[in-house]
Amino acid sequence: MREISFQKALDEAVAEEMRRDPRIIVMATDFTGDPVKEFGPARVRFTPISEAVLTGMGLGAAGCGFRPIVNWRMVTFSFVAMDQIVNQASKIRYMFGGQADFPVTYRCTTGGGIGLAAQHSQSPYSMWMHLAGLKIILPSTPADAKGLLKSAIRDNNPVVSFECSRLATVTGPVPDGDHLVPIGVAEVKRAGTDVTIVGLAYYVQEALAVAEELVREGISIEVVDPRTLVPMDADTVRASVRKTGRVVIVDEAPATCSAASEISALLVEDPDTFRVLKAPVRRVCAVPVPVPYSPPLERAALPNRDDIKTAVYAVLKDSLRPV
Amino acid sequence: MALDKAQLAQMLRTMILIREFDELAIQLRVAGKIYGAVHPYVGQEAVAVGVCSNFKVSDRVTSTHRGHGHCIAKGADIRRMMAELFGRVDGYCKGKGGSMHIADFAVGMLGANGIVGGGLPIACGAALAAQLEGKGDVTVCFFGDGAAAEGEFHEALNIASVWKLPIVFVCENNQYAANNAVAVQHPRVDIAAHAGAYQIPGVVADGNDVLEVYAAAGDAVARARRGEGPSLLEGKTYRWHFHAMRATPPPETRPSDEIASWKARDPIARLEQHALGAGALSAAEMSAIRERVKADLDDAVAFAEASPFPDPKDLLVDMFAE
Ligand SMILES: Cc1ncc(C[n+]2csc(CCOP(=O)(O)OP(=O)(O)O)c2C)c(N)n1
Ligand SMILES: [Mg+2]
């Protein structure tokens, strides 16, 4: 299979969908490559730095028959458009009784770990999860990035695509042809029997690396990637945890009210999963602090492989305690 | 408003320092000694220096992602700036902020900002504080041409006008926001024209002529001090380098003749010529200034390198006030 980068996979997804459907237009302050050449300036729109209006325009044009893709570039910049995201995009369809569809895709990079300091190192997807009304994808591999973004563009609802900065240059196999990954379907990235690690975005690859290391210690890890945060595929995550009885959830957002919290709740509030849990759920998340610039501080703020291993040992140890 | 020799020398020194500081920052980033993103201010020195030369320490500024020049012009210590770029404990933000988030509240530099337009509302708040204090202090808000497309720009101008806030909005129109030329983003290339809608003075200055900026900003600052309200001052200028770099400088995307024509209007060379022509500074004095700047920068790097990295144990220090 072809190996391409995460970034290239995303670019391909947009280009293929634009070829398929002339109603797709893209708006951003900048683009990778030269999409104007193929699709022309009417469909590829360089914008002023005006996130609020772009976000709302995407919604408005979507409600009037187009399929806009608005790229905020960094999720950081989307906060300027809070009203359009929170009060408008997430509510518009339901509030008006389903009179129109709003097939708009909002794209943004997310995450820290590259020395960009507090404002440019955020992972706020749980803020969006909370809204009820936005679908959210968060891929961890080039293949998923391409397949999920294509599905997002074809979805008839506002979908937010979070694209992890640390994965941009990561390469991986991507199937040829019209490769689609359905929204709302998690994937077991590695099968195992002792502990489930639920990883998000960059931390899927970190979880896989930890799983590989722990083979030597005789620990068998299953790695599950939700891939979509809304709607969350609770069944797949629960099935894995019912098999292993132990779970560590890893993400680079702080734990408070996070995707990791939500996954944890989905596990423990399910009676069949709760009954077979051998140890308390563990979350490995960022320290609740604005991500600092200086490398030693940034490293201390974000989870790493040692933190994941420590949590794996902990759930194994916790489960040995007498009840 | 003729400037005396000491004032001219001070302006020239600050402009050279800003330029060399950012040229050095590029090298340090390429060498991997500093991290994250660097947005060089090279070419725009006359705006920061022309504006800030009107200031008292108690006046305040807000800055942008391209903020090193504003910081130096407002009187920050380059040793602590450099230590911040190096991510060390003696940096202004103890290594927490880096290039895009340098601040020195002691000299009224209220912070660089990673958000385009993010400083405008904060500057209005500082101006409100100054208005309430009633001591005649002024706030200057630096922002780029790109920021004028953000709602925060319009909200800030509107309220500042209605409340007659003692603020000067200084737009550094360097002709581009990242890779987008001004004409792609704005119906008219003069950002100052927005002033009319808010019934405040709007002035365009040659942003590569420090004396012109100094005079125009002087009028606006004086007006604000008198309690007559805000002004919008636009300095037409140009950045000599790329918009931003991380590990390596990105390729140039702007027309080479355009770059050449702006470099021919080098704000530092123009001030040097003026000072020479007016007999205010000799060539020897000017080369002494350059040598002094070089020594100061060497000293700043040595200071930064000698400063330790923050202890990961201190990660949560500064989260909340006592
Ligand atoms: C709200 C927001 N949107 C987008 C960005 C990304 N960005 C950083 S600098 C920049 C260009 C800013 O242009 P301008 O205001 O003219 O300032 P200049 O870089 O030219 O100094 C952009 C788009 C940002 N930092 N904040
Ligand atoms: Mg600009």
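Note that these values count all heavy atoms, side chains included, but never hydrogens, waters or copies made by symmetry. A, B, ... follow the sequence lines: proteins, then strands. Residue 1 opens every chain.
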[X] atom [atom1]: more than 12 heavy-atom contacts under 6.0 Å:
| X | atom1 | result |
| --- | --- | --- |
| A:Phe66 | CZ | no |
| B:Arg254 | CZ | yes |
| A:Met57 | CE | no |
| A:Lys91 | NZ | yes |

Please classify the contact between [X] and chain B as side chain, backbone, both or neither, with a heavy-atom cut-off of under 4.5 Å.
| X | answer |
| --- | --- |
| A:Glu298 | neither |
| A:Val80 | side chain |
| A:Ser121 | neither |

Of the non-hydrogen atoms in [X] and [Y], which two are nearest, and what is the gap between them?
| X | Y | value |
| --- | --- | --- |
| B:Pro312 | A:Pro296 | CG-O, 4.1 Å |
| B:Leu85 | A:Tyr293 | O-OH, 2.5 Å |
| A:Pro295 | B:Phe309 | CD-CE2, 4.3 Å |
| B:His101 | A:Leu116 | NE2-O, 4.4 Å |

Task: Steps toward side chain to side chain contact (heavy atoms under 4.5 Å, CB included) verdict (A:Gln119, B:Met100) - done: CA-CA 9 Å; A:Gln119 292 176 338; B:Met100 258 188 295; 6.0 Å; no
Task: B:Asn179/A:Phe31 under side chain to side chain contact (heavy atoms under 4.5 Å, CB included): CA gap, chis, key distance, verdict - done: CA-CA 10 Å; B:Asn179 292 325; A:Phe31 297 90; over 6 Å; no
Open item on the list: Within the 4.5 Å heavy-atom criterion, are A:Pro290 and B:Met319 side-chain neighbours or not?
Closed with: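 Sidechains of B:Met319 and A:Pro290: in contact.
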Task: Separation between CZ of A:Arg299 and CG of B:Leu315, rounded to the nearest 0.5 Å - done: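 The distance works out to 12.5 Å.
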TODO: Find the distance between CD1 (A:Ile49) and CG (B:Asp145) and round it off to the nearest 0.5 Å.
DONE: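 That separation rounds to 7.5 Å.
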TODO: Pick whichever of B:Lys96, B:Glu152, B:Lys94, B:Arg88 has the most heavy-atom pairs under 4.5 Å with chain A.
DONE: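 If we count pairs closer than 4.5 Å to chain A, B:Lys96 comes out on top.
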Open item on the list: Quick check on B:Asn113 against chain A: is it the side chain, the backbone, both or neither that has a heavy atom closer than 4.5 Å?
Closed with: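 Contact with chain A: backbone and side chain both.
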Open item on the list: If I measure from the heavy atoms of chain A, does B:Ala37 come under 4.5 Å with its side chain, its backbone, both, or neither?
Closed with: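 For B:Ala37, the contact with chain A is made by backbone and side chain together.
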Open item on the list: What verdict does the side chain to side chain contact (heavy atoms under 4.5 Å, CB included) test give for B:Gln185 and A:Thr29, after you've listed the backbone C-alpha separation in whole Å, the side-chain angles of each residue and the deciding distance to 0.1 Å?
Closed with: CA-CA 10 Å; B:Gln185 314 174 67; A:Thr29 56; over 6 Å; no
Task: Heavy-atom pair count under 4.5 Å with chain B, highest-scoring of A:Ala117, A:Ser50, A:Ala300, A:Pro288 - done: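 Counting heavy-atom pairs under 4.5 Å, the top option is A:Ser50.
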TODO: Against chain B, work out which of A:Thr47, A:Thr76, A:Val289, A:Ile114 has the most heavy-atom pairs shorter than 4.5 Å and name it.
DONE: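 Option with the top pair count is A:Val289.
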